Asks: 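Mind having a look at this structure? Questions to follow.
Just so you know, these numbers come straight off a predicted model, no measurement behind them.
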Amino acid sequence: MARCLSTPHHITALFRPVPGPGPGYSGSIGVGLAVEPRARFCPGLDGWDPGYDLPQFNEAAELLGSRPSGRLVYPLPPGRGYAVSAASAILGALAAAMERGAGVFRAYRTAHEVEVRRSTGLGDVASIACGVGLVLRYSPGPPGEALVDCIPTPPSLYIIAGEAGSMDTSRLIEMYSSQKFVDEVSRSLSRIFREPSLDRFFEEAERVTRLLSLDSRLVGVEAHRILSGVGDVYGYYVKKRVLVVAAGEGSVGEIVGRMAGAGLDVRLLKPSTGPPRLE
């Protein structure tokens, strides 16, 4: 039976770009949630076209001197804020590292450099490499150099994503580079880093979402109206054009119904319980 490489995804909530002298030294600080289902690459199996054009897999693999063949499975769509491009780059780099005998951190660094060069992600590779629940990136760079911590989330937690459409990552980075975004996000990140917890995370993520009207501007809905009267909601935020809500199992059905009623495409996710692995 073939063994497959798998990786979680990551939904950034707040981030601040940190430029450096080159792709290997650039990145961002920030916070977000590592989520599943996991993307997979199964070497030796017949290929399967996932329907997405994700060149990061081959680019990362070729930088390590390989072009692995096998089956790629992407359960989440690109362009929605799930860091699918980072997951693809990680799978390509790790698959090549297995073939070439390269180290894991070299593979991660290669995936990070691909993401930065393409402007498809500044910190997702480091977050995915941590890969558990709430992820905090205290410094920029690839895994092994960035200071990253993960906080497990309650097993009963669900992540409900309401998608209004896609958005290019370069546009998101440009938006987050405006002075108002930088100021508000920096204040929130400082508070979260001083008191790293799920409660503080959602308190600050909601504050920025409301203050900058990200829900109505990017998703076309007001989050507090959708969630009004619903119990067991941990919090919410917006990534690209997706409203991300964390709630207990008992509230999932009601939230899904309200999101769908507001015209959003709904996707049900779970916090990730582990980093990329061979399984």
Asks: Determine the minimum heavy-atom distance between Pro154 and Leu198, stating which atoms define it.
Replies: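 Smallest interatomic distance, heavy atoms only, reads CD-CD2, 3.9 Å.
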
Asks: If you measure from OG on Ser272 to CG on Leu134, what distance do you get to the nearest 0.5 Å?
Replies: 12.5 Å

Asks: Report the distance from atom CZ of Arg225 to atom CG of Leu227, rounding to the nearest 0.5 Å.
Replies: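 The distance works out to 12.5 Å.
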
Asks: Hey, is the main chain of Ala39 close enough, under 3.5 Å, to the side chain of Thr7 for a donor-acceptor pair?
Replies: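 Judged by distance alone, no pair lies under 3.5 Å.
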
Asks: Do Ile173 and Tyr25 belong to the same hydrophobic cluster, where Ile, Leu, Val, Met, Phe, Trp and Tyr are linked whenever their side-chain heavy atoms lie under 4.5 Å apart, directly or via other members?
Replies: no

Asks: Applying ring-ring contact (aromatic ring centres under 6.0 Å, His included) as the test, list every pair that has at least one member in residues 249-279; sequence neighbours left out.
Replies: none

Asks: Could you walk me through whether Val73 and Phe41 satisfy the side-chain contact (heavy atoms from CB on, under 4.5 Å) test, starting with their C-alpha distance in whole Å, then the side-chain angles of each, then the deciding distance to 0.1 Å, before giving a yes or no?
Replies: CA-CA 6 Å; Val73 179; Phe41 173 69; over 6 Å; no

Asks: Between Leu76 and Val244, is there shared hydrophobic-cluster membership here, with clusters defined by ILVMFWY side-chain heavy atoms closer than 4.5 Å?
Replies: yes

Asks: Answer yes or no: is there a side-chain heavy-atom contact under 4.5 Å between Leu269 and Ile11?
Replies: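 Counting from C-beta outward, Leu269 and Ile11 do come under 4.5 Å.
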
Asks: How long is the span from the CG atom in Leu264 to the CD1 atom in Ile226, to the nearest 0.5 Å?
Replies: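 Taking CG in Leu264 and CD1 in Ile226, the distance rounds to 5.5 Å.
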
Asks: Leu63: which other cluster members, linking ILVMFWY side chains closer than 4.5 Å, directly or transitively?
Replies: Val114

Asks: Among all residues two or more places apart in sequence or in another chain, which pass the salt bridge (charged side-chain N to carboxylate O under 4.0 Å, His left out) test with Arg207?
Replies: Glu184, Glu204

Asks: Pairs in or reaching into residues 87-104: which pass side-chain hydrogen bond (donor to acceptor under 3.5 Å, both in side chains), with residues at least two apart or in two chains?
Replies: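 For residues 87-104: Ser66-Glu99, Tyr74-Ser88.
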
Asks: With sequence neighbours left out, which residue pairs that include part of residues 230-239 fulfil the side-chain hydrogen bond (donor to acceptor under 3.5 Å, both in side chains) condition?
Replies: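 Every candidate side-chain hydrogen bond (donor to acceptor under 3.5 Å, both in side chains) pair involving residues 230-239 fails, so no pair, neighbours aside, qualifies.
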
Asks: When you look at Ile160 and Met259, which way does the side-chain contact (heavy atoms from CB on, under 4.5 Å) test go after all the steps?
Replies: CA-CA 9 Å; Ile160 307 104; Met259 281 187 172; 3.6 Å; yes

Asks: Roughly how far, to the nearest 0.5 Å, is CZ of Phe15 from CG of Leu172?
Replies: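 Answer rounded to 0.5 Å: 4.5 Å.
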
Asks: I need the minimum non-hydrogen distance between Gly92 and Ala60, along with the two atoms involved.
Replies: C-CB, 4.5 Å

Asks: Flag the pair Leu268 / Val266 as yes when at least one side-chain heavy-atom distance between them is below 4.5 Å, and no otherwise.
Replies: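 Result no, sub-4.5 Å side-chain heavy-atom pair not found.
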
Asks: Verify the cluster assignment for Leu211 and Val221: are they in a single hydrophobic cluster under the rule of side-chain heavy atoms below 4.5 Å apart?
Replies: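 Different clusters: Leu211 never reaches Val221 through Ile, Leu, Val, Met, Phe, Trp or Tyr contacts under 4.5 Å.
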
Asks: When you look at Leu5 and Ile90, which way does the side-chain contact (heavy atoms from CB on, under 4.5 Å) test go after all the steps?
Replies: CA-CA 10 Å; Leu5 286 164; Ile90 287 171; over 6 Å; no

Asks: How far apart are the C-alpha atoms of Thr169 and Lys240, what are their side-chain angles, what is the distance that settles it, and do they pass the side-chain contact (heavy atoms from CB on, under 4.5 Å) test?
Replies: CA-CA 8 Å; Thr169 301; Lys240 293 189 175 180; 2.7 Å; yes

Asks: Write out all pairs satisfying salt bridge (Lys or Arg N to Asp or Glu O under 4.0 Å) with one or both partners inside residues 31-41, taking only residues at least two apart or from two chains.
Replies: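 As it turns out, the salt bridge (Lys or Arg N to Asp or Glu O under 4.0 Å) pairs with a partner in residues 31-41, which skip direct neighbours, are Glu36-Arg38, Arg40-Glu279.
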
Asks: Tell me yes or no: between the side chains of Ser156 and Glu249, is some donor less than 3.5 Å from an acceptor?
Replies: no

Asks: Tell me whether Val132 shares a hydrophobic cluster with Ile159, the cluster being built from Ile, Leu, Val, Met, Phe, Trp, Tyr side chains joined at under 4.5 Å.
Replies: no

Asks: Under 4.5 Å between any side-chain heavy atoms of Leu122 and Ser26, yes or no?
Replies: no

Asks: Any non-hydrogen side-chain atom of Arg16 less than 4.5 Å from a side-chain atom of Phe181?
Replies: no

Asks: Measure the shortest side-chain to side-chain distance between Pro8 and Pro275 over non-hydrogen atoms and say whether it is less than 4.5 angstrom.
Replies: no

Asks: Could you measure the distance from the CD atom of Glu113 to the CD atom of Glu59? Nearest 0.5 Å is fine.
Replies: 10.5 Å

Asks: Can you see which heavy atom on Leu147 is nearest to which on Ser139, and at what distance?
Replies: N-OG, 2.7 Å

Asks: How long is the straight-line distance from CG of Leu91 back to CG of Leu72, given to the nearest 0.5 Å?
Replies: 6.5 Å

Asks: Identify the heavy atoms of Glu115 and Ser85 that sit nearest to each other, and give their distance.
Replies: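 Nearest pair, atom of Glu115 first, then Ser85: OE2-OG, 2.8 Å.
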
Asks: Between His9 and Pro37 (side chain of the first, backbone of the second, donor and acceptor by atom type, cut-off under 3.5 Å), is there such a pair?
Replies: yes

Asks: State plainly whether one hydrophobic cluster holds both Val125 and Leu64, where clusters connect Ile, Leu, Val, Met, Phe, Trp and Tyr through side-chain heavy atoms under 4.5 angstrom apart.
Replies: no

Asks: Is the side chain of Arg258 donor-acceptor paired with the backbone N or O of Ser228 at a distance under 3.5 Å, no angle test?
Replies: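 Between the backbone of Ser228 and the side chain of Arg258 there is a qualifying donor-acceptor contact (under 3.5 Å).
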
Asks: Which residue pairs pass the ring-ring contact (aromatic ring centres under 6.0 Å, His included) test with at least one member in residues 247-274, sequence neighbours excluded?
Replies: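 Output for this query is empty, none listed.
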
Asks: What's in the same ILVMFWY side-chain cluster as Val148, cut-off under 4.5 Å, chained through other members?
Replies: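 Direct or chained contacts put Val148 with Val135.
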
Asks: Tell me the ring-ring contact (aromatic ring centres under 6.0 Å, His included) pairs involving residues 111-158, sequence neighbours left out?
Replies: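 Every pair satisfying ring-ring contact (aromatic ring centres under 6.0 Å, His included) with a residue in residues 111-158: Tyr138-Phe193.
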
Asks: Do you know which two heavy atoms are closest between Ala34 and Gly131, and how far apart they sit?
Replies: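 Scanning both residues, the minimum pair turns out to be CB-C, 3.7 Å.
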
Asks: Side chains of Arg137 and Ser28: do they bring a donor and an acceptor to under 3.5 Å?
Replies: yes

Asks: Just jot down the salt bridge (charged side-chain N to carboxylate O under 4.0 Å, His left out) partners of Glu145, sequence neighbours excluded, or say none.
Replies: Arg109

Asks: Quick check: closest heavy atoms across Pro142 and Tyr108, and the distance to 0.1 Å?
Replies: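 Distance-wise, the nearest heavy atoms are CB-O, 4.5 Å.
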
Asks: Are any non-hydrogen side-chain atoms of Pro140 and Ile29 less than 4.5 angstrom apart?
Replies: yes

Asks: Just jot down the side-chain contact (heavy atoms from CB on, under 4.5 Å) partners of Ser197, sequence neighbours excluded, or say none.
Replies: Glu195, Asp199, Arg200

Asks: Could you check whether any side-chain N or O of Lys180 sits under 3.5 Å from a backbone N or O of Leu212, counting only pairs where one atom can act as donor and the other as acceptor?
Replies: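 No, Lys180 side chain to Leu212 backbone: no donor-acceptor pair under 3.5 Å.
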
Asks: Are the side chains of Asp124 and Thr12 in touch, meaning some heavy atoms are under 4.5 Å apart?
Replies: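 Result yes, sub-4.5 Å side-chain heavy-atom pair found.
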
Asks: Can you sort out the partners of Arg171 under salt bridge (charged side-chain N to carboxylate O under 4.0 Å, His left out), two or more places apart, ordered by chain and number?
Replies: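 Testing Arg171 for salt bridge (charged side-chain N to carboxylate O under 4.0 Å, His left out), a comparison that skips the adjacent residues, returns none.
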
Asks: Salt bridge or not for Glu163 and Arg241, using N-O below 4.0 Å?
Replies: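 A salt bridge is absent here (no side-chain N lies under 4.0 Å from a carboxylate O).
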
Asks: Would the distance check show the side chain of Thr110 and the main-chain N or O of Arg106 forming a donor-acceptor pair, the cut-off being under 3.5 Å?
Replies: yes

Asks: Are the side chains of Arg118 and Pro55 in touch, meaning some heavy atoms are under 4.5 Å apart?
Replies: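 Side-chain contact under 4.5 Å: yes.
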
